[in-house]
There are 2 protein chains.
Amino acid sequence: MKLSLKVEYACQVLAQLARSFDKTEMPHIEELSRLEGIPSNYLVQILNELRNGGLIVSRRGKQGGYRLSRSPAEISLHDVVCAVDGELLGFSLKSGGQSAAKVAEAWTQVAKSFEAETRAINLENLIEESPEGMWYI
Amino acid sequence: MKLSLKVEYACQVLAQLARSFDKTEMPHIEELSRLEGIPSNYLVQILNELRNGGLIVSRRGKQGGYRLSRSPAEISLHDVVCAVDGELLGFSLKSGGQSAAKVAEAWTQVAKSFEAETRAINLENLIEESPEGMWYI
DNA sequence: CGCATTTTAGGTTTGTCACCTAAGATAAAA
DNA sequence: TTTTATCTTAGGTGACAAACCTAAAATGCG
């Protein structure tokens, strides 16, 4: 029951792309890898899935790189999980036993609320300034 | 991002124990296994973890079996996940990159709401009669 | 004691996660 | 056109966990 590292990475790299959304040059893999501390060979796969999911667009060759396909406010955590994990809070539906149906019903309800919550948070929320700035201990 | 089969099994077997909570005889493993369609050799482990988590008590020998340690209304889905999975919606906290902190913050908020939702559903909800009864297609 | 049951300690198999390797495709620039 | 910087794709690996199974030991009831 834990969030995959892949989803976390995807959120991070999308937050980074959100920061450079209005800039003209598109950041490339090595840059994104360095800024967010993600192994570049793994990041390739993640960016690919995000592109297949329609969240980002890419350009190759010199001056190539990645960019969000829509504005940061229009991309939610729900979109990210769907693009990268394919499902959010799925379960098996074997429905063999006497209580299987009721259990599935209960968890479906939890999944609904989970979906609503992830739809409510978008990439803009991930790049807002902290109200007090940063404090170092 | 999917619910483990183990948690589903745990919910089912607990629902079954909730049904026989006021009965005098305690159901034993083979019975529970049959009623809920759970492989008995796997069910053993699950029941063990539920006992270690304090959700059920057991008695061995003849007339042995399992019983809830408290009333069905006092055991929530949150309790079940914690006993069997150890965590609900945890994430890694590598916090290497530039956006890691904000991403963690966002998902922490989601986790909060997830916890609230799972705390709100208890075993009694899993054994309530369907309002219309069963319909067969 | 003898039996039914739980309890515990291992093993197996299958799959997935996180990550790497390497060759190919494309487009800008020299 | 050649070079070069990037994306694209396919595949592979090692560690780990999930979902089971096997077998023996402990415990309590009759």
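Here is how names work: the chains are called A, B, and so on, in the same order as the sequence lines, proteins then strands, and each is numbered from 1.
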Undergrad: Any idea which of D:dC7, D:dT9, C:dA18 is nearest the A:Y66 side chain?
TA: D:dC7
Undergrad: Base, sugar-phosphate or nothing for B:L47? Non-hydrogen atoms, less than 4.0 Å.
TA: nothing
Undergrad: Where the side chain of A:Y42 is concerned, which of C:dC20, C:dA18, D:dC20 is the nearest nucleotide?
TA: C:dA18
Undergrad: Within the pair B:R60 and D:dA25, is there a side-chain N or O less than 4.0 Å away from OP1 or OP2?
TA: no
Undergrad: Among the nucleotides D:dC7, C:dA18, C:dC20, which one has an atom lying closest to any side-chain atom of A:N41?
TA: C:dC20
Undergrad: Roughly how far, to the nearest 0.5 Å, is the OG atom of B:S92 from the CH2 atom of B:W107?
TA: 12.0 Å
Undergrad: Judged by each residue's nearest nucleotide on DNA chain C, which is more toward the 5′ side, A:R59 or A:L5?
TA: A:L5
Undergrad: Can a donor-acceptor pair be found between the side chains of A:N125 and A:E128 at a distance below 3.5 Å?
TA: yes
Undergrad: Check the distance between D:dT6's P and A:H28's NE2 and give it to me in whole angstrom.
TA: 4 Å
Undergrad: Reading DNA chain C from 5' onward, which residue's closest nucleotide shows up sooner: A:V7 or A:G61?
TA: A:V7
Undergrad: Measuring from the side chain of B:R51 (C-beta onward, heavy atoms only), which nucleotide among D:dT8, C:dT6, C:dT8 has the closest atom?
TA: C:dT8
Undergrad: Within this structure, what is the CZ-to-P distance between B:R67 and C:dT5, rounded to whole angstrom?
TA: 16 Å
Undergrad: Which part of the nucleic acid, if any, lies within reach of B:Q45 when heavy atoms closer than 4.0 Å are counted: base, sugar-phosphate only, or nothing?
TA: base
Undergrad: B:S33 pairs by side chain to side chain contact (heavy atoms under 4.5 Å, CB included) with which of B:V44, B:V13, B:L43, B:N41?
TA: B:L43
Undergrad: Starting at CD1 of A:I46 and ending at P of C:dC19, how long is that distance when rounded to a whole Å?
TA: 8 Å
Undergrad: Expressed as a whole number of angstroms, how long is the span from B:E8:CD to D:dC20:P?
TA: 11 Å
Undergrad: How many Å lie between CD on A:E36 and P on C:dC19, as a whole number?
TA: 15 Å
Undergrad: Using atom CD1 of A:I38 as one end and atom P of C:dC17 as the other, report the distance to the nearest whole Å.
TA: 17 Å
Undergrad: Report yes or no: do A:L55 and A:V57 belong to one cluster of Ile/Leu/Val/Met/Phe/Trp/Tyr joined by side chain heavy-atom distances under 4.5 Å?
TA: no
Undergrad: Report yes or no: does A:E87 contribute a side-chain atom to a donor-acceptor pair with the main-chain N or O of A:C82 at less than 3.5 Å?
TA: no
Undergrad: Could you tell me which residues satisfy ring pair (Phe, Tyr, Trp, His ring centres under 6.0 Å) with B:F114, sequence neighbours excluded, listed by chain and number?
TA: A:F114
Undergrad: Just to confirm, is there a sub-4.0 Å distance from OP1 or OP2 of D:dT6 to any side-chain nitrogen or oxygen of A:S58?
TA: no
Undergrad: Let me know the distance between CD of B:E25 and C1' of D:dC29, rounded to the nearest Å.
TA: 16 Å
Undergrad: Identify which nucleotide among D:dC20, C:dA25, C:dA4 has an atom closest to any side-chain atom of B:K62, counting heavy atoms from C-beta outward.
TA: C:dA4
Undergrad: Under 4.0 Å between a side-chain N/O of A:N48 and OP1 or OP2 of D:dC7, yes or no?
TA: no
Undergrad: Taking atom P of D:dC7 as reference, at what distance in whole Å does atom CD of A:E30 sit?
TA: 8 Å
Undergrad: Could you say whether B:Q63 or B:D85 is positioned toward the 5' end of DNA chain D, judged by the nucleotide with the nearest heavy atom to each?
TA: B:D85
Undergrad: From the set C:dT8, D:dA19, C:dA18, return the single nucleotide nearest to any side-chain atom of A:K6.
TA: C:dA18
